[in-house]
Each structure stands twice: as C-alpha cells, then as structure tokens.
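What follows is a set of notes on a single structure, which appears directly below.
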2 protein chains.
Amino acid sequence: MARTALTREEVLDTAAGLVRQHGPEALTMRKLAAELGTAVTSIYWHVGNRESLLDALVERTVADLGAIRPRGASPAERVVSVARALRRQLRAHPHLVAMVHERGLTERMFLPAQRALVREVHAAGLRGARAAGAVRAVQFQVVGYVLVERNRERAPVQRPGEEELWDTAAAEGDEALARALAGPVDCDALFTASVRALVKSLLEPGA
Amino acid sequence: MARTALTREEVLDTAAGLVRQHGPEALTMRKLAAELGTAVTSIYWHVGNRESLLDALVERTVADLGAIRPRGASPAERVVSVARALRRQLRAHPHLVAMVHERGLTERMFLPAQRALVREVHAAGLRGARAAGAVRAVQFQVVGYVLVERNRERAPVQRPGEEELWDTAAAEGDEALARALAGPVDCDALFTASVRALVKSLLEPGA
DNA sequence: ACCTGAACACCGTTCAAGT
DNA sequence: ACCTGAACACCGTTCAAGT
C-alpha cells in the first residue's frame, strides 16, 4: 500500500498492458484495480467509467499508428504499397486493433493513409469525384480485408468445412480449382493480388 | 405457471425474437427465462450454456439465408449481381447478422454463393488456381465490404470528423475531391463500382 | 482533489433436490 | 427425462465517507 498517486496515464498504460498480454476479455475494472494496486472505485475518478476507458484506449491505439510512406515507381504501385503497409501495421497489435474493430473505429485508422492516396490518384491523372471514388474504393477494400482476416482467425474451423464442400463434382470437373478452394488461403498473396486488380481498374484512363 | 413443455426450438425461437427486437445485448439467460416463463436453469438443460445457444442461433441464421440467382448477360455482370444479392440479404437481418459477424462466421454465409461464382468464372474462361483466386478475391471483397459498412454504422460520428480534415488545402487544390471526401459515402454506389472494377480486372484475358 | 469500502443490481453457471 | 431454487463467483457502478 501507500503507493504513488494514480494518474490517468498510468490507468491507460496498465489497461493496455492487460489487453496486450491476456486479451480484451481480461480487461475488467476489478482486475485492472488489482493490477494497479488501488481500489476499483479510484479508477472511476480518473477515467469516468469502463466505456470511456475503452474509448481512450482505442483512441491512443489509433493515434500511435505510424505514418505511411508510399514506395514504388508508378502511382499504382505506390497505392498498393500504402495498402500493404497499413495491413502490416494493423496486424502488429492484434488485440488492441481488435478493440478498435469492436468499437467501430477501424476506418479511423485509415485516415492518415488517405492523404497519401489522394496524392497518388492525382499523380495518376484522376480529379474530383472520380478521384474521391478511387480513394474510397481502396480504403473500403483494405479495411474490409483486414476485417475479414480477423473474422477468419476467430473462426478457424468452418463447421461443414470448405474441404468436403469442394469435391470435384461441385467444381464442374476443374480439379485444380477444387484443390485450390479446399486448401488454405494465402492471405498475403490474395490481398496483394486483389488490391492490384482493383487499383488497375480504378486508375485506368477509360471512364 | 404450468406451461407447456419447453423445447430446444422454442428456446431458439424466443432467443431470436429477443435479439430481433432489442438487439444482441438483450439476450441474457435471465431475460430469456423470463420471456419463456421458466426458470433460468431449465434453459441449460436444452441448450447447454450461453455459448452453445449463440452458436445454434447463428447456425440457424446462416442456414436460413436464401439461395442466390445470378442475373445479367455477361459473366462479369452475373458475378456483380451475386455480390449485390448477397449484400442485400445480409442487410435484411442486421442484428442476427451482427452476431454472425461477432462469432467470426461471416464467411460461412458466403458459401452458397461460391458455387454460383465458380460457374461464372468458368464461363469467363478461367480455370484452376486462377479461377479459385478470382472467386476468393470476390468473396473477400464482398464480405469485407459488409463488415466495413457494419463498422461504419456502429461509429456514426467520426471524432475528428472527416469533414474538417478535408479542407481544400489537404486536397491539393482539388475542391471537387475535397467536397466528395468530406460528404457522406454512397455505400450502394461505391459497392457496385468497386465490385465491377475488381471483377473487370480479374476476368480480363491477360495474365 | 483524490481515494476508500460497502452496497446494489446485474451477470453465467453449478448442483442437489424434486417430479 | 425434465424442471426448480439456492448458492457461487463474477461483473460495472453509485455513493457517502474519509483525507
């Protein structure tokens, strides 16, 4: 006992540590108080209630995401590099990012990247609503992909199982396709290929 | 009291009704028991525990999704129609589908559509791994988009706010783009445009 | 200004006991 | 085979009381 004065920062740090080590479900007010060595009710003075604590935690996580530097020779390549860098960042802190997802702020994490994308679609010659549409399309695709991956990781065993669903008959005699769909997904490759395909269409000169 | 015998089906029906009317957070074992007019503990005999109850509920929701009929003249158009139909289905039962999301089974809902997609990419001339990649790319994009939309609906107010972030300066002098990015997203149009763009690239003859 | 313990209203779950 | 109430171990939150 007789510990040093509690601060809002300390509460947030300890809360983040708890989440990082034992996952979001371990973050209860009582466990947090135990970890801090204070009474449960002290926390309330500093952060209001559990809801605002989570808000603050998520806010910090979003703010801590690093800047993104586009790489590559063409605008298309640079857009793809931004997408890949963002995905890598999000996968670095799975638990905290999971909380960001749960609180519906996944898109917020994309905002720093948005400026970089604007520059690239401009470089590719797009303007106005068309440029905005392209930026948004990439944004939705990247954020969506990250959400899908998280979804998959949480449900590793698909109950009927994709495998038996994809016997050769169902694949219309295309055995290579049946094998590919029955096997595991190479998420990294699929992500890159999908972004590349989308960007290619979006940046094309045609209407 | 002296109510008719409790059945597993009745438990699931009532649970689904509770979710449909008051959202997933209203589904507690005690509220469910009250609704059913039984003791809390009776429920446990029929469904095991809360976790399996939710599993069963989600399973039923997924199974109840209707079949999808592709429409359109070209394979590309029919792929887009499958994507749009699926999105429409998912938006019909927001609460139950939210639970499907939370339990990581969003992709499961896509399986019925997968067969239709295989037929279309075959019709477009793709085979084997390339065909499988195309199917998966569409699958991830559609599921991802639905997840993003749900994310947005849960966080209607973006705290810094996209609006003030997109003053004309940040948009590199492109005022039409600034206006477009500051305004609300036309999710329906963006979805269709994105899928169309992706599908166009994927089904193209080139490697 | 900051911290505390007691108390409240909720959870999910177990279990021995009933029919 | 099915249902019950009592009890347990957890929650988040409020509040009057302390310093």
Side-chain angles (χ1 to χ4, degrees), chain A residues 1-60 95-96 98-100 102-105 154, chain B residues 1-60 95-96 98-100 102-105 154:
Chain A
M1 346 265 124
R3 41 148 303 148
T4 152
L6 193 60
T7 67
R8 183 185 159 88
E9 290 315 305
E10 195 189 351
V11 172
L12 290 181
D13 286 342
T14 309
L18 224 43
V19 169
R20 231 189 302 273
Q21 284 184 37
H22 307 103
E25 77 282 1
L27 182 52
T28 72
M29 302 302 269
R30 288 173 147 91
K31 278 182 190 151
L32 180 52
E35 195 81 10
L36 286 164
T38 59
V40 204
T41 43
S42 305
I43 303 172
Y44 283 82
W45 200 93
H46 289 280
V47 299
N49 56 20
R50 183 163 194 269
E51 203 65 6
S52 351
L53 169 61
L54 296 188
D55 278 341
L57 218 52
V58 156
E59 206 64 39
R60 250 176 45 149
H95 280 152
L96 281 171
M99 289 178 53
V100 175
E102 239 112 67
R103 300 187 82 66
L105 292 182
R154 199 160 20 162
Chain B
M1 346 266 124
R3 42 148 303 148
T4 151
L6 193 59
T7 67
R8 183 184 159 86
E9 289 316 304
E10 195 189 351
V11 172
L12 290 181
D13 286 344
T14 309
L18 226 42
V19 169
R20 230 187 303 271
Q21 284 184 38
H22 306 103
E25 76 282 1
L27 181 52
T28 73
M29 301 303 269
R30 285 172 147 92
K31 278 181 189 152
L32 180 53
E35 195 80 10
L36 286 163
T38 58
V40 204
T41 42
S42 304
I43 302 172
Y44 284 82
W45 200 92
H46 289 280
V47 299
N49 58 18
R50 184 165 194 269
E51 203 66 7
S52 352
L53 168 61
L54 296 187
D55 277 341
L57 220 50
V58 157
E59 205 64 40
R60 250 175 45 149
H95 280 154
L96 281 171
M99 290 178 52
V100 175
E102 240 112 67
R103 301 188 82 65
L105 292 182
R154 197 161 20 164

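By convention in this document, chain letters (A, B, ...) are assigned in the order of the sequence lines, proteins followed by strands, and residues within each chain are numbered from 1. Side chains are part of it too, since the values below use all heavy atoms of this structure and drop only hydrogens, waters and symmetry mates.
The base-pairing partner of C/dC10, taking Watson-Crick or G-U wobble contacts with both distances under 3.5 Å, does not exist among the strands shown. Figure legend. D/dG5 is base-paired to C/dC15; pairs are counted as Watson-Crick or G-U wobble with both atom distances under 3.5 Å.
Taking only side-chain nitrogens and oxygens, B/T38 never comes nearer than 4.0 Å to OP1 or OP2 of D/dC3. Checking the phosphate oxygens (OP1, OP2) of D/dC11, a side-chain nitrogen or oxygen of A/K31 falls inside 4.0 Å.
Nucleic acid contact for A/T28: sugar-phosphate only, since backbone atoms but no base atoms lie under 4.0 Å from a heavy atom of the residue.
Proximity note for A/T41 (side chain, C-beta onward) versus C/dC3, C/dT13, C/dA6: the nearest is C/dA6. Comparing atom distances between the A/R30 side chain and each of D/dT4, C/dC3, D/dC11 picks out D/dC11 as nearest. Side chain of B/A39, nearest nucleotide from D/dC11, C/dC3, D/dG5: D/dG5. Ranking C/dC3, D/dG5, D/dC11 by closeness to the A/H46 side chain, first place goes to C/dC3. Nearest nucleotide to the side chain of A/W45, out of C/dA1, D/dT13, D/dC2: C/dA1. The A/Y44 side chain lies nearest to D/dG12 when the options are D/dG12, D/dA6, D/dC2.
The NE2 atom of B/H46 lies 4.0 Å from the CG atom of B/L6; values are rounded to the nearest 0.5 Å. Between the CG atom in A/L54 and the CD atom in A/E102 there is a gap of 10.0 Å [rounded to 0.5 Å].
Atoms CD (B/E9) and C1' (D/dC2) sit 17 Å apart, rounded to a whole Å. Nucleotide C/dC11 holds its C1' atom 13 Å from the CG atom of B/L27, rounded to whole Å. Rounded to whole Å, atom C1' of D/dC3 lies 13 Å from atom CG of B/L36. A/I43 has its CD1 atom 15 Å from the C1' atom of D/dT14, to the nearest Å. Rounded to an integer number of Å, the gap from B/N49 CG to C/dT14 P is 7 Å. Nucleotide D/dC3 holds its C1' atom 14 Å from the CD atom of B/E10, rounded to whole Å. A straight line from CG of B/L32 to P of C/dT13 spans 12 Å, rounded to a whole angstrom. Taking atom CZ on A/R8 and atom C1' on C/dC2, their separation rounds to 16 Å, with Å as the unit.
Counting heavy atoms from C-beta on, the side chains of B/L53 and B/L12 come closer than 4.5 Å. Proximity of B/R60 to B/E9: side-chain heavy atoms (C-beta onward) are separated by under 4.5 Å at one or more points.
A donor-acceptor pair is defined here as one N or O able to donate and one able to accept, closer than 3.5 Å; such a pair exists between the side chain of A/N49 and the backbone of A/S52.
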